[in-house]
Amino acid sequence: MANEAYTRTNQALFFARKAIESWQQAESSNALDALTQAQYHREHAVFHLYRGALALIHEVADRYRWPLVDARQVEAVLVPSVVQRFPGPELAELTELADSKGTWLAGVIGAWQRLQAPPVPADSKAESLIASSAVATAEWSCADAQEALQALSDRVAAYRDGMQEW
């Protein structure tokens, strides 16, 4: 059972939920390191949400016996050329969500890509006491992460209901 595709999806959803809860606690904390803790839990949530989306793709691929189980990047699978090779409503829907700006999946992928990007040198005219080599980018909020978790959980439930054999 530990090697089944659905267990990776369940684990990713569980840990994403825990990371988002910790993120919320860190944001409401008055501790000295609250900002650092919030950033850590934000990155933790992004990691597990991305991993959950990838695990869902693996779960769908496993159900249809597609050779996509070895995919390591969500962006590499959710492209029109892959959907044409492996037609299925689940993969087509995820591809459409990934391509549409403002959707939960596009938000997860965008947050993941920003997390993986190298830091950009900051403007030297910044009025801060602490030197930083990174420029603040459009942050992904906790509400965005909660929305993505709920949408991902809904997609998992819907796909599993549709893939059951009676």
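Source: prediction; values computed, not measured. Just so you know, these numbers use all the heavy atoms, side chains as well, and skip hydrogens, waters and symmetry mates.
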Is any side-chain heavy atom of [Y] closer than 4.5 Å to one of [X]?
X: Val156; Y: Ser153; result: no
X: His41; Y: Glu27; result: no
X: Leu78; Y: Val83; result: no

Can you name the closest pair of heavy atoms from [X] and [Y] and give their distance?
X: Ala145; Y: Ile20; value: O-CD1, 3.5 Å
X: Tyr64; Y: Pro89; value: OH-CD, 4.0 Å
X: Val82; Y: Ala76; value: CG2-O, 3.7 Å
X: Val108; Y: Ala148; value: CG2-CB, 3.7 Å
X: Ala106; Y: Ala98; value: CB-O, 3.8 Å
X: Ala34; Y: Ala26; value: CB-O, 3.6 Å

Ignoring hydrogens and angles, state whether a donor on the side chain of Gln25 or Glu21 is under 3.5 Å from an acceptor on the partner side chain.
no
How long is the straight-line distance from [atom2] of [Y] back to [atom1] of [X], given to the nearest 0.5 Å?
X: Gln37; Y: Arg42; atom1: CD; atom2: CZ; value: 15.0 Å
X: Glu147; Y: Thr103; atom1: CD; atom2: OG1; value: 9.0 Å
X: Leu68; Y: Asp62; atom1: CG; atom2: CG; value: 11.0 Å
X: Thr9; Y: Glu59; atom1: OG1; atom2: CD; value: 4.0 Å
X: Tyr159; Y: Glu93; atom1: OH; atom2: CD; value: 3.5 Å
X: Leu49; Y: Leu13; atom1: CG; atom2: CG; value: 8.0 Å

Kindly indicate, with the supporting measurements, whether the criterion side-chain contact (heavy atoms from CB on, under 4.5 Å) is fulfilled by Gln11 and Arg51.
CA-CA 9 Å; Gln11 288 173 351; Arg51 194 172 73 100; 3.9 Å; yes
side-chain contact (heavy atoms from CB on, under 4.5 Å) for Trp104 and Gln150? Distances and angles first, verdict last.
CA-CA 9 Å; Trp104 65 270; Gln150 185 60 47; over 6 Å; no
Ignoring hydrogens and angles, tell me if any N or O in the side chain of His58 forms a donor-acceptor pair with the backbone of Val69 under 3.5 Å.
yes
Is there a donor-acceptor contact under 3.5 Å from the side chain of Arg155 to the main chain of Leu94?
no
Verify the cluster assignment for [X] and [Y]: are they in a single hydrophobic cluster under the rule of side-chain heavy atoms below 4.5 Å apart?
X: Phe47; Y: Val77; value: yes
X: Leu35; Y: Trp140; value: no
X: Phe14; Y: Val46; value: no
X: Trp23; Y: Tyr50; value: no
X: Leu105; Y: Leu115; value: yes

Going through the distances and angles, do Asp99 and Val79 end up as a side-chain contact (heavy atoms from CB on, under 4.5 Å)?
CA-CA 8 Å; Asp99 288 343; Val79 293; over 6 Å; no
Pair Ser141-Asp144, side-chain hydrogen bond (donor to acceptor under 3.5 Å, both in side chains): steps then yes or no:
CA-CA 5 Å; Ser141 71; Asp144 294 334; 3.1 Å; yes
For Phe86, does the CZ atom sit with more than 12 other heavy atoms under 6.0 Å from it, leaving out its own atoms?
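More than 12 within 6.0 Å, yes.
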So does Gln113 have more than 12 non-hydrogen atoms from other groups sitting under 6.0 Å from CD?
yes
